Structures are given as C-alpha cells and as structure tokens.
Amino acid sequence: MASFRHVFVVIIGALIVSLMFAYVVVAGEGQSARTDEGLLIVTSIPVIADIIGEIVGDRGVVLSIVEPGVNVNTYELTPRDSTIIAEADLFFYVGYGAEEALGIYASAIRGGEGVVRILDLMDERGVIIDGNPYFWMNPLLAAVMAEEVGKVLSSIDPEGSEYYLERALKFKEEMERLDREIASILSKVPEDKRKLVTVRDTMRYFAERYGFEVVGYVTARAGTYEPSARDGVELAKAIVSNGITVVFIEYEEAGTTLREVVETVVDELGIESVGFIYVETYDPSRGVNGYRDMMLENARLIAKSLSGSEAHSSVMLAGGTIPIPLEPLEYKFMWRGLLALLASMIAASLVGAFAVLRGWAIFGDALSHGALAGLVVAYLAGAGFYLGALSAGLLVALIVASVERRTPLRADVIIAVTFATMLSIAILLLSKAGGAAISIEDVLFADVTAVAPEIMYRTLILSAIVVVFAVVVRYQLMMYVIEPTMAAALGLRTGFIHYALLTLLALTIVTSFLAIGYAPTIASMMIPPAAAYLLSRRPGEFIVKSVAIAALSAIIGFFVAYYLDTNAGATAVIIAALIFAVAVVSYKRI
Amino acid sequence: MKVEVRGKSACIVRNVTVKYGSNPHPALENVSFEASLGEMVMIAGPNGGGKSTLLKVIVGLVKPVKGNVKVLGRDPFKDPAIRRLIGYVPQITDLNLSAPLTLRDLVMLPRLAIKSSPWKGPRKEDIESVERSIKELGLEDHADKRISELSGGMLARALIARVLALDPILYVMDEPFESMDWESEEITMKVLRREKERGKLIIVSEHHISDDHIDYFDRTLLLKRRIIAEGRPRDVIEVYRRLGGS
Ligand SMILES: Nc1ncnc2c1ncn2[C@@H]1O[C@H](COP(=O)(O)OP(=O)(O)O)[C@@H](O)[C@H]1O
Ligand SMILES: [Mg+2]
C-alpha cells in the first residue's frame with residue numbers, strides 16, 4: 001500500500017537524521033578537553049586565547065571555541081563545544097557583536113558561573129573609547145587585559161597568584177617591546193598617508209596609538225550587519241575626499257557582504273584593496289601563529305601598502321552633475337543594484353503569481369532552505385555557491401514535484417515536510433561547517449548595493465527567461481495552475497508545465513536570493529501577488545498588476561532606502577507591503 | 001489535426017480493465033462498447049460502478065491495465081492531442097475557486113489554452129464562441145461575476161458552457177446534472193440535443209435518472225464494474241430498478 005511506503009520512507013529518514021545527530025554528539029564526547037593536571041580555560045576567539053595563554057602558562061590549558069581562521073559571526077554552537085564550555089574552569093569572552101552570543105551561550109550552559117566579560121574588566125580600567133571593542137589592537141592595552149585576567153585567575157587558583165602576577169609583568173614588558181617594534185615599522189609611512197579605511201571600525205586603538213586616522217569603514221557595528229545602499233556611497237565619498245589609495249580588509253571579512261561592498265567601491269574608484277589585517281583571529285596556515293605575529297604582520301602590511309611613492313589618489317568624484325533625487329545613480333554599482341533588484345523582484349513576483357494560484361504559496365520557503373543546505377554543501381565541497389544552491393533548490397523542487405504527482409498528499413503538506421527537513425539539514429551542516437572563513441549568512445543576506453556585475457547579469461537573464469516563458473505559455477500555464485485536471489483533459493502537456501514552473505521557481509529563488517537576499521526574495525514572491533489579487537478580477541489583470549507592484553516597489557524602495565540609509569531589498573519589501581495594506585483597506589469598495 | 005470522423009465508431013472501448021493502485025478488485029472489468037457520431041449515450045449505474053473511471057479512460061486520464069481505447073481513431077492516453085477534440089466535464093473538479101477569474105474567463109481560458117497563439121491573444125471567433133456559449137446556457141447576466149461568487153448550479157452550467165465553447169466533436173460529461181436544478185438541467189439538455197443533431201457524439205454518466213430526459217438518449221449502458229445491460233434507456237432502467245437502483 002502507498003501509505004505503508006510513506007511510513008517506511010519517513011522512518012528511514014528519521015533514522016538517518018538521528019544517526020547524524022548521534023555522530024555529532026558522540027564525536028564530541030570522544031574528545032573531551034578535560035585535563036586533570038591543571039586549569040581548563042576556554043575563550044571565545046583565538047586572539048583572546050593566545051593572550052590569556054601567556055598568563056596561564058603551564059598551570060593549565062587555554063582553548064578557543066572559534067578556531068583560528070574562522071569568522072565568529074558564522075560560528076554555530078555544537079554539542080562538542082557545549083561540553084567543553086561546561087567543563088571549563090573559566091570562560092572568557094570579549095562581549096561585542098556576534099561574539100557576545102558566545103558569552104550568553106556560555107552563561108546559559110554554566111548557569112552563569114565562571115563566565116567573564118573582558119570588556120567589563122577593561123571598562124573599569126577606563127581604557128575603552130566609545131564602546132569600541134577592539135582594544136587589543138593596541139599592545140599596551142593587551143597588557144592591561146592580561147593583568148586583569150591574571151587577577152581573575154588568582155581568584156580561582158590562589159596558589160598560582162604569584163605565578164600569574166609574574167607572567168603578567170613579563171607579558172607587559174613583551175608588549176612594550178612589541179609596541180616599539182610596531183612603531184618603528186610604521187615610521188616610514190609619511191604623515192599625509194596615515195589614513196586607514198577598513199571594513200569595520202577595527203583599527204581605532206591602533207590608529208590612536210601609532211598616529212593614524214581612521215577615515216572610513218562600512219559600518220561601526222560589530223556582528224552580523226546588513227549594509228545599506230548608502231553605506232557604499234558614504235564609503236566612496238570618504239575614500240575620495242581623503243585621497244585614499246589603499247583599503248585594508250580584515251581577515252575575518254574574507255567572504256562577507258561587507259567586504260563585497262568594499263570591493264565594489266574599490267573597483268569602481270579604481271583603487272586597491274589589500275589583505276589581510278588580522279583582528280579577531282590569526283592563521284597558522286599562513287605562518288601567523290599568534291597575537292604577536294598578527295600585530296607585526298598588520299604593521300608590515302600597513303607600512304608596505306602606505307609607503308608607496310604615488311602621492312595622492314587620482315580618483316575624482318563625478319558628483320555635481322546629477323540632480324539630487326538621482327544622486328545614488330552617480331555610481332555604477334548603484335545602477336547594478338537597482339537593476340538587480342528590479343529584475344529579481346519582477347521574476348519573483350511573476351513566478352510567485354502563478355505559484356500562489358497553484359497553492360504553492362509557501363514553496364519559496366522550502367526551496368530557499370533547500371538552497372541554503374546546498375550552499376553549505378557547495379562550500380564544503382569547494383564548489384561554487386550558485387551551483388550548489390541551484391542544484392539543491394532544483395532537488396527540492398524535484399522532490400516536491402514528484403511526491404505531489406505520485407501521492408494524494410496535498411502540495412502544502414509536502415512542501416512543509418520538505419521545508420522543515422531542509423531547514424534542519426541546513427542548520428546541521430552549518431554547525432559542521434563552522435570552520436568556514438566565509439559567512440553563509442552574508443551570502444544569504446546579500447545586499448543589492450554590493451552586487452557584482454555577473455550577478456546582475458544573471459538576474460537580468462533570469463528575469464528575461466521567466467518573462468518570456470510566462471508570456472509564451474500564459475494560457476496553458478494559467479489553465480494548469482487553476483485546474484490541473486482540466487489542463488490534462490485538454491491534452492496540455494501538464495508534466496512539462498509542472499516541472500518547468502517548478503524549475504523556474506527554483507531558479508528564481510536561488511538567483512535572486514544571492515542577489516537581493518533571502519527575505520526580499522520570498523517576500524517578492526508573495527506580497528505583490530497578494531496585493532494584485534485584491535486589486536484584480538481577471539487573470540491577466542492579476543498577473544500584470546503583480547509584476548507592476550513588484551517593479552514599483554523595487555524602484556521606490558531603492559531610492560527610499562538610499563535616503564533613509566536602509567537595506568534596499570528590505571525597503572522595497574516594505575513598500576510592497578504598504579501597497580498590500582492599501583489594497584486591503586480599499587478592498588470592500590471594489 | 002486530421003482525424004477520421006466518418007467511420008461508424010467515433011469511440012471504441014475494447015476489453016478494458018482498470019485497476020487502481022494495489023486494490024485487487026478492478027474498477028472496470030473487460031468493458032467493451034462502441035459509439036458513433038450523432039449518438040447520445042447514457043452510462044448509468046450505482047455509485048462506485050465505474051462510470052467516472054470509464055469516462056476518464058475515454059478522455060485518456062486513466063490508463064487501462066488491459067484492453068484498448070480509440071477515440072476518433074487514436075489512443076487518447078498515448079496521444080494527448082486528440083483530447084482537444086473532447087469536451088470533458090469532470091464530476092469533481094480541482095478548479096481553484098478562489099482564483100481571480102470571472103465566469104467569462106473560465107469559459108474562455110480552455111479555448112485559449114488549446115486554440116490561441118501566444119502572439120495573437122483571443123481572436124474574434126474565440127470571443128464569439130465564448131459569448132454564444134454563455135448565452136446558450138443562460139449565463140449572460142453572470143458573466144462578469146467572479147467564479148467564487150457563483151452558486152453551485154451556476155458553476156455547473158458554466159462548466160458546460162466552457163466545453164461548448166471548445167466546439168468539440170465528442171462530449172464526455174460525468175454526472176453533469178448532479179448539482180443542477182430542474183431549469184439548469186432543461187437548458188443543458190436542450191443544448192446537448194442540438195449538439196447531437198449537429199453530429200456530435202455525447203456520452204453522459206448518471207447515477208440517478210430522471211424520467212423527463214430519458215427519451216433523449218439513444219442508448220443506455222448499465223455499468224457495475226462490467227456492462228451488465230445495454231439497450232433502449234427505458235428497458236435498461238427497468239433492469240436497473242429491479243437491481244435496486246433508482
Ligand atoms: N483515484 C482512485 N484511486 C483508487 N480507487 C479509485 C479511484 N477512483 C475510483 N476508485 C475506485 O474505483 C471504483 C469506481 O469508481 P468510480 O469510477 O468513481 O465510480 P462511479 O463514478 O460510478 O461512482 C470505486 O470502487 C472507487 O473506490
Ligand atoms: Mg463518478
């Protein structure tokens with residue numbers, strides 16, 4: 001019986017998933033970090049672990065939860081790490097952005113016992129400037145931290161207090177030496193070139209100490225951040241007005257959207273970006289083995305990059321010729337953003353309109369989670385993101401399509417099942433992919449402002465394919481989505497239409513979420529058709545209005561986002577939602 | 001499409017057996033019959049007798065495990081294009097009633113889906129045919145209503161109007177009168193009779209036969225998994241009543 005087969009498949013699926021979980025848990029238990037010899041100190045990020053290690057010396061072991069080379073923003077807690085955190089004598093974290101979440105996890109795991117927020121210690125010493133967390137970029141402040149950590153260690157290990165004091169003093173001397181070394185490396189940078197542009201505001205303390213000025217970054221916020229349309233333009237202005245020729249990229253930002261924003265601007269202005277500056281982490285595979293190494297490496301990179309012979313940037317601002325409302329379009333990357341947003345939203349609303357009629361409204365969610373799982377697999381396999389996401393999206397589409405044609409289960413049930421499974425697989429893979437120096441979130445929450453030319457072209461091609469398909473087979477497609485049985489009885493090729501629509505749906509979701517982000521994609525599939533539905537009586541009208549609302553929202557959203565300094569995709573969605581709200585309010589009067 | 005319509009049998013069902021899934025009892029067992037253009041045939045029988053199954057086999061929506069079907073000389077399962085010449089009215093439709101569709105769109109859409117080119121849109125003859133069908137079924141006052149606003153009987157008539165607008169050679173209707181009142185039934189019957197006179201083949205299934213229309217049919221098949229009686233409607237009805245039908 002068919003239902004028996006389903007039960008069988010579900011049971012096997014459940015078994016496989018539980019086995020995977022079991023593996024993760026058991027693998028963790030086999031490698032307990034507990035040593036009976038001395039202290040076990042656990043920290044959030046490697047740089048902190050390295051400094052604390054100098055104080056702990058041979059009285060214990062210091063581990064970092066986030067491994068060297070990994071962006072803390074992409075870290076997902078695993079059962080193994082939870083065990084280590086629980087077993088530690090102390091857990092240290094800095095207390096900023098996504099890194100702060102590790103402290104919160106640790107507090108929860110340890111019932112609040114033995115969890116130390118380093119920024120609190122530093123705040124009491126009065127060395128924190130404007131809440132900027134990256135104090136250790138000044139070695140003298142790293143020494144201050146070491147001293148404070150020594151005190152905390154003494155409180156739980158009184159026998160070692162003299163030892164810790166001695167190590168802290170020795171570390172301080174070392175830091176003073178390092179400080180002099182850095183200053184001498186930087187001495188060859190001319191006065192007028194002592195300006196830094198980075199991805200985040202990570203060089204504040206460094207600049208303060210060595211006579212530099214931080215003139216630009218994409219954001220001052222730590223943690224996961226959605227760049228806005230304006231961030232790119234502001235950065236470009238800062239670069240131009242300060243005659244910057246080199247932009248420094250933090251190692252942690254290697255694959256993030258923030259970096260894409262920087263690269264886009266750098267490309268457009270024809271200047272140079274160099275990497276990497278080490279902040280949260282260092283990378284033994286590049287011969288950078290700890291805090292001292294990374295600080296010296298940073299100084300050398302800055303000295304080398306800024307002591308070149310060319311005096312000033314040749315970059316000129318094209319401004320002044322463009323009327324104010326069109327100001328964002330001064331830059332090519334803003335044009336790309338606008339076109340990508342427009343094309344993505346048109347394609348998404350068009351396939352969305354047909355999908356909604358077919359009862360596939362929540363399909364977007366299942367597909368995008370499938371695509372997310374695919375992204376991670378692609379990353380782990382070293383393949384391209386687009387390819388990974390696309391194949392996973394298509395796989396989900398195929399599963400849903402064939403289960404729907406083969407069983408009497410309703411589409412929404414199949415979709416919900418697939419969606420939940422894919423989401424779990426994505427979470428599972430993300431937690432295993434913690435070693436990725438690239439942020440999956442950043443790929444997911446892509447921003448149109450940072451759209452690369454090839455991604456823009458991809459959205460344009462996609463949009464063209466979707467529009468041509470929808471126009472050419474519009475009657476057959478409409479017949480199929482509103483009444484599949486009749487479409488079959490009329491001799492239409494329903495199998496072809498079914499799989500073609502699903503394929504386009506998957507293609508649209510993957511292409512547009514890599515261009516404009518996850519939420520805007522899903523929203524564009526649903527909101528414009530929903531609003532159009534309320535505003536139309538006839539099928540053609542419905543389709544045309546869906547697309548028109550999407551296009552209007554994209555254009556208005558893009559400019560509003562620029563002037564409000566918000567994320568363009570999200571703003572476009574809100575414009576669409578406002579149109580929907582108006583449609584709801586005026587509905588009765590139709 | 002070129003089809004052979006002159007021969008006697010426009011629809012041939014030969015030794016057809018249908019099984020659903022792993023159900024060991026066939027829904028149809030060794031069913032055979034033939035029907036010609038200009039005929040009006042009633043498939044009668046109890047619920048579960050296999051009427052809907054037989055009609056789906058004729059339309060090509062269900063594949064027989066044994067036997068074969070020829071509609072206008074072609075196998076409708078293997079050759080879906082032939083289905084364009086069949087006006088099928090399903091007993092249960094999966095029509096999305098909340099779709100933004102007026103009655104006129106509902107009637108127009110199938111015609112556009114199989115007859116129109118994407119470049120031209122609705123042609124004059126499409127519009128004329130649709131308006132004529134709507135009028136013939138007395139729906140002209142409701143043509144601009146959304147399908148969600150139609151009564152059950154009205155919708156049933158609209159489903160007749162849309163196959164009429166297709167101008168098919170064969171009508172296959174699965175209990176079309178089920179949700180109709182007497183007036184709708186009367187209107188539909190009148191239209192079907194005219195179509196028959198225009199040389200169309202009409203196959204209608206019924207589980208409940210009202211005396212009023214019985215004489216319109218040339219022939220009745222009594223279907224209870226197999227064809228258990230065939231002949232003039234009144235004679236077959238007699239058999240059916242004796243078997244406990246109504
Ligand atoms: N899709 C289906 N799957 C499984 N069994 C079916 C299906 N459709 C019909 N049947 C079975 O086939 C038999 C004939 O059904 P049907 O052709 O609908 O009869 P009728 O239209 O005369 O009421 C019934 O026993 C019914 O349960
Ligand atoms: Mg039936």
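So that the names make sense, note that chain A is the first sequence line, chain B the second, and so on, each numbered from 1. Worth saying up front: this structure is predicted, and the values here are computed from it rather than measured.
Distance check: B:Ser116 OG to A:Gln476 CD gives 8.5 Å after rounding to the nearest 0.5 Å. B:Leu166 CG to A:Leu490 CG: the interatomic distance, rounded to the nearest 0.5 Å, is 6.0 Å. Atom CZ in A:Arg538 sits 6.5 Å away from atom CZ in B:Arg104 (nearest 0.5 Å). Within the model, atoms CD of A:Glu483 and OG1 of B:Thr93 stand 3.0 Å from one another, a figure rounded to the nearest 0.5 Å. Summarising the geometry, atom CZ belonging to A:Arg358 is positioned 7.5 Å from atom CG belonging to B:Asp94; distances are rounded to the nearest 0.5 Å. In this structure, CD1 in A:Ile482 is found 6.0 Å from CG in B:Leu106, a value given to the nearest 0.5 Å.
A heavy-atom distance below 4.5 Å is not found between the side chains of B:Pro110 and A:Tyr475. Put simply, the side chain of B:Pro100 does not reach to within 4.5 Å of the side chain of A:Arg537, judged on heavy atoms. Contact annotation: the side chain of A:Met478 approaches that of B:Leu109 to within less than 4.5 Å [non-hydrogen atoms, C-beta and beyond].
Under the 6.0 Å distance and 45° angle rule, B:Arg146 does not count as a cation-pi partner of A:Phe542.
For the options B:Val163, B:Val59, B:Leu61, heavy-atom pairs under 4.5 Å to chain A are most numerous at B:Leu61. Ranked by non-hydrogen atom pairs under 4.5 Å with chain A, the options B:Gly60, B:Gly21, B:Pro90, B:Pro80 are led by B:Pro80.
Among all heavy-atom pairs drawn from A:Tyr533 and B:Ser98, the shortest one is OH-O, 2.5 Å. Of all non-hydrogen atoms in B:Ala113 and A:Met479, the two that sit nearest each other are CB-CB, 4.1 Å.
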(message) Quick one, B:Asn96 with A:Val481, criterion side chain to side chain contact (heavy atoms under 4.5 Å, CB included). Give me CA distance, side-chain angles, the key distance, then yes/no.
(response) CA-CA 8 Å; B:Asn96 176 356; A:Val481 294; over 6 Å; no

